[in-house]
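Notes follow the structure.
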2 protein chains.
Amino acid sequence: MLPPLFLPLPTAVDRSYSIYFQQLTDLPNLMQAHGLKNPQLGIVTDKHVEKIYRRKVEAALIAKGYQPRWIVFPAGETTKSLNHLSAIYDHFLGYADRRTPLIALGGGVIGDLTGFAAASILRGVPFIQVPTTLMAQVDSSIGGKTGINHTVGKNLIGAFHQPSFVLCDVDTVQSLPVREWHSGLAEVVKHALITDETLFDTLVLEWDAVLNRTPEVIAPLIRRSVEIKAEIVSKDETEQGIRAYLNFGHTFAHALEQVTAYKTFLHGEAVTIGMIAALYVSKYQNPEFPFEKALDLVKALPISAAIKDLDLQSLTEAMKVDKKAQAGNIRLVLLSNIGTAYITQDIDPKAIQAAWMFALSSF
Amino acid sequence: MLPPLFLPLPTAVDRSYSIYFQQLTDLPNLMQAHGLKNPQLGIVTDKHVEKIYRRKVEAALIAKGYQPRWIVFPAGETTKSLNHLSAIYDHFLGYADRRTPLIALGGGVIGDLTGFAAASILRGVPFIQVPTTLMAQVDSSIGGKTGINHTVGKNLIGAFHQPSFVLCDVDTVQSLPVREWHSGLAEVVKHALITDETLFDTLVLEWDAVLNRTPEVIAPLIRRSVEIKAEIVSKDETEQGIRAYLNFGHTFAHALEQVTAYKTFLHGEAVTIGMIAALYVSKYQNPEFPFEKALDLVKALPISAAIKDLDLQSLTEAMKVDKKAQAGNIRLVLLSNIGTAYITQDIDPKAIQAAWMFALSSF
C-alpha cells in the first residue's frame with residue numbers, strides 16, 4: 001500500500017477589515033484607499049433603497065471615475081433566493097474579472113445575497129458592505145455570514161465571506177420606516193444584554209431619544225453596538241463558541257418566524273419576543289438574575305405585529321429543528337447577569353413552556 | 001465623525017488534510033478515523049460510476065453502520081450546472097445538519113460540483129473526495145477548487161473548499177475508457193514538465209507500461225503526480241503565485257475548448273495540444289530549451305479527437321478572454337528547462353501565432 005500524502009495549508013490569509021462610519025458619498029474615496037481602482041463595479045440594491053440613495057451614490061462614484069452597474073431587486077425576504085443569486089451571476093459575469101468589486105447597498109437581505117454572490121463568483125471577488133438599515137449596520141453586515149434561503153429553511157445556503165470594508169452611514173437610518181427602526185433596536189438591546197451593562201444603562205437613560213432617532217444620541221450607540229458584534233466575531237468567526245451568544249432570544253425568535261411563515265413579524269420583533277422568553281428562562285435557572293430590570297427595557301421595544309393564534313406545541317417543536325439545535329436538544333443562550341451570557345442545553349422543558357406563555361402574554 | 005472600527009480575524013483555521021492511497025472499501029474506516037461518525041451521509045456520483053462502484057461502496061458503508069443516500073447525475077460536463085447544484089441542495093437539506101458529510105465519488109465534474117455544494121450548504125459541511133478518474137486523482141480532487149460552469153464560461157462560480165480527506169484508489173483507473181486514461185496522463189506529463197525532471201525521465205522510460213496501465217508501474221507515478229499537485233497547492237492555495245504553473249498548456253487548451261464549444265476535445269487532449277504550443281513558445285523565448293526531448297513525450301500522448309477546421313484568429317482571441325488573463329494581456333506559463341517553469345506576459349504575438357500553427361499541425 002502506498003503511504004498517504006499530507007497536504008499542509010499553513011498560510012493564514014489576513015481577512016481583517018475596517019468598518020467606517022462615514023457618509024454614503026465617501027464610498028469612492030474609501031474604495032480608492034483600499035486599492036479598488038477598477039472602474040467597473042456591480043452594485044446591488046432593492047427598489048426602496050434605490051429610490052432614496054441611488055442618485056447620490058451614483059453621482060459620487062461617477063465623479064471619481066467609477067462606472068457603477070446597478071442590479072435592483074424587489075425589497076423583501078423573498079429576494080434571498082437562488083433565482084436572484086442566479087440573476088446576479090448572469091449580470092455580473094458579463095463584465096467582471098477577479099478585481100471587479102461587488103457592492104451591497106441596502107439591508108440584510110441585499111447584504112446576505114450579494115455577499116454570497118461575491119463569495120462564489122470567480123471563487124471570490126472584492127465585496128463591500130454598505131448597510132442602510134439599523135439591523136444591517138449593527139448585525140448582518142458584520143461578520144462575514146452570507147447566504148440565501150431554501151424552502152427547507154432560512155440561510156441554509158451560503159458562505160463565510162468577509163468584505164474588503166464596511167461603510168456604515170448612520171444617517172441612513174433616518175429614512176427607515178419606524179417599524180424597521182424598532183426591529184433593528186432589538187439587536188442593539190440584545191448586544192447590551194449579552195455583553196455590556198454600560199450600554200444597557202445608557203439605553204435605559206436615553207430611551208426616548210433613541211426611539212426618536214436623535215442623531216447625536218444614536219450615532220455613538222450604533223457604533224458601540226457594531227463594536228460589540230465585531231469583537232465577538234473577531235474572537236469566534238465561525239461560531240464554534242461565543243459567537244453563539246449573538247443567538248440570545250433567537251432560538252425562540254426563529255420558531256416564531258417559522259410557525260408564522262415569516263409573514264407576521266419583522267426579525268427584530270420576533271427577537272424581542274424571543275428575548276422576553278429567554279429572560280424568563282434565565283430567571284428560572286437563576287433566581288438572582290435581575291429579571292425585572294432587563295425586562296423593562298426589552299418590553300420598551302415597540303412591536304407592531306399582532307400576536308395571536310400561536311400554538312405553543314408548534315412553537316416548541318419548531319425550536320427543536322432550528323439549525324443550531326444539535327441532535328434535537330434545545331440549546332439556549334441565557335443571561336447570568338445583564339451583560340453576561342452563557343450557553344446551556346440543560347433546560348427543563350417546563351421552563352421553556354412557561355417562558356413561551358409569559359412572552360406571548362406580554363404584549 | 002466617528003472613528004472607524006477594525007475587525008481583526010487572526011484565527012488561522014487549519015484546513016490541512018491527507019490524501020490516502022487505499023481501496024474504495026476503506027472509505028468507512030477512514031471516515032471513522034476522521035471523526036465523521038454521523039450515520040447519515042450524502043454521496044454524489046454519475047451514472048457510469050454508479051454502475052461500476054455503487055454496490056461495493058454501499059456495502060462497505062452499510063457494514064460500518066452508515067446510511068448512504070445517493071444522488072446520481074448524468075455523466076458529462078453539463079452536470080456542472082446551477083440546476084444540478086440546486087438538486088443537491090434539495091436532496092441534502094432534507095436530512096443534513098452541519099456534521100453530515102457530502103462525498104464525491106467520480107471524476108472532476110462530480111468532485112467540483114459536490115465540493116461547491118459542500119462549501120455552500122450550511123456555510124460548509126464535511127466534504128470527502130473519492131476521485132475515480134486519473135484526471136480527478138492527480139488534478140481536480142487536490143487543492144480545494146470547487147465550482148460549476150456558467151453560460152459565460154467554465155468554473156466561473158465556485159469556492160475554495162478543502163476536503164476532510166481524499167481517498168485515491170488507484171485501481172479505479174483500470175475501469176476508465178482508454179480516451180480518459182490518456183486525457184489524465186496529459187496532466188501527469190504536465191506535472192513532470194513543470195516541476196520534476198526525474199518523473200519526466202521515468203515516464204519516458206516506462207511509457208509503454210504507462211499506456212497499458214500496468215498496476216505496479218502506474219501506482220507510484222500517480223502518487224508522485226498527486227504529490228506534485230499537493231506541494232504546489234500547499235505553497236499557494238489561492239493561486240497568487242506558483243499555483244499558476246499548473247496552467248502550463250492551459251491557456252491554449254482553454255481557447256481550444258472554447259472555440260470547439262467543449263464538444264471536440266477531452267480536457268487532457270486540449271492540454272496535450274496546448275502543451276505542444278507552450279513548448280514551442282518556450283523554445284522561441286529560449287533557444288537553449290530542450291524542445292525535442294520534451295516534445296517527444298507530449299506527442300506520445302494519444303489524441304482521439306479530430307483536429308480540423310480550427311481558426312487561428314478565433315483561438316488567439318479566445319486566449320485573451322481566458323479568466324486568468326489580466327486586462328487582455330496573454331499571460332503564459334513557459335518552461336526554462338524540463339522540470340522548471342516560469343510565468344511571463346512579455347510574449348511576441350507572432351510566437352503565439354506560430355505556436356498554434358505548429359501544435360495544430362503536429363497531429
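Quick note on labels: first sequence line is chain A, next is B, and so on, each numbered from 1. Just so it is clear, the values below take in all heavy atoms, side chains as well, and ignore hydrogens, waters and symmetry mates.
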- Looking only at heavy atoms, what is the nearest atom pair of Phe116(A) and Ser120(B), with distance? CZ-CB, 3.6 Å

- Query: Heavy atoms under 4.5 Å from chain B: which residues of residues 84-93 of chain A carry them?
  - Reply: Ser86(A), Tyr89(A), Asp90(A), Leu93(A)

Top residue by heavy-atom pair count (under 4.5 Å) with chain A, among [options]?
options                                    : result
Ala96(B), Ala119(B), Ala159(B), Pro220(B)  : Ala159(B)
Val152(B), Thr151(B), Ile142(B), Ile148(B) : Val152(B)
His161(B), Glu231(B), Glu227(B)            : Glu227(B)

- When rounded to the nearest 0.5 Å, the distance separating CD1 of Ile121(B) from CG of Leu156(A) is 9.5 Å

- Exactly one of Thr146(A), Asn155(A), Ile157(A) clears side-chain contact (heavy atoms from CB on, under 4.5 Å) with Arg123(B), and that residue is Asn155(A)

- Query: Given that the side chain runs from C-beta out, which part of Ala219(A) has a heavy atom under 4.5 Å from chain B: side chain, backbone, both or neither?
  - Reply: both

- Query: Going by heavy atoms in the side chains, are Arg223(B) and Pro3(A) under 4.5 Å from each other?
  - Reply: yes

- Note on the structure: The interface call for Val226(B) against chain A, heavy-atom contacts under 4.5 Å, is both

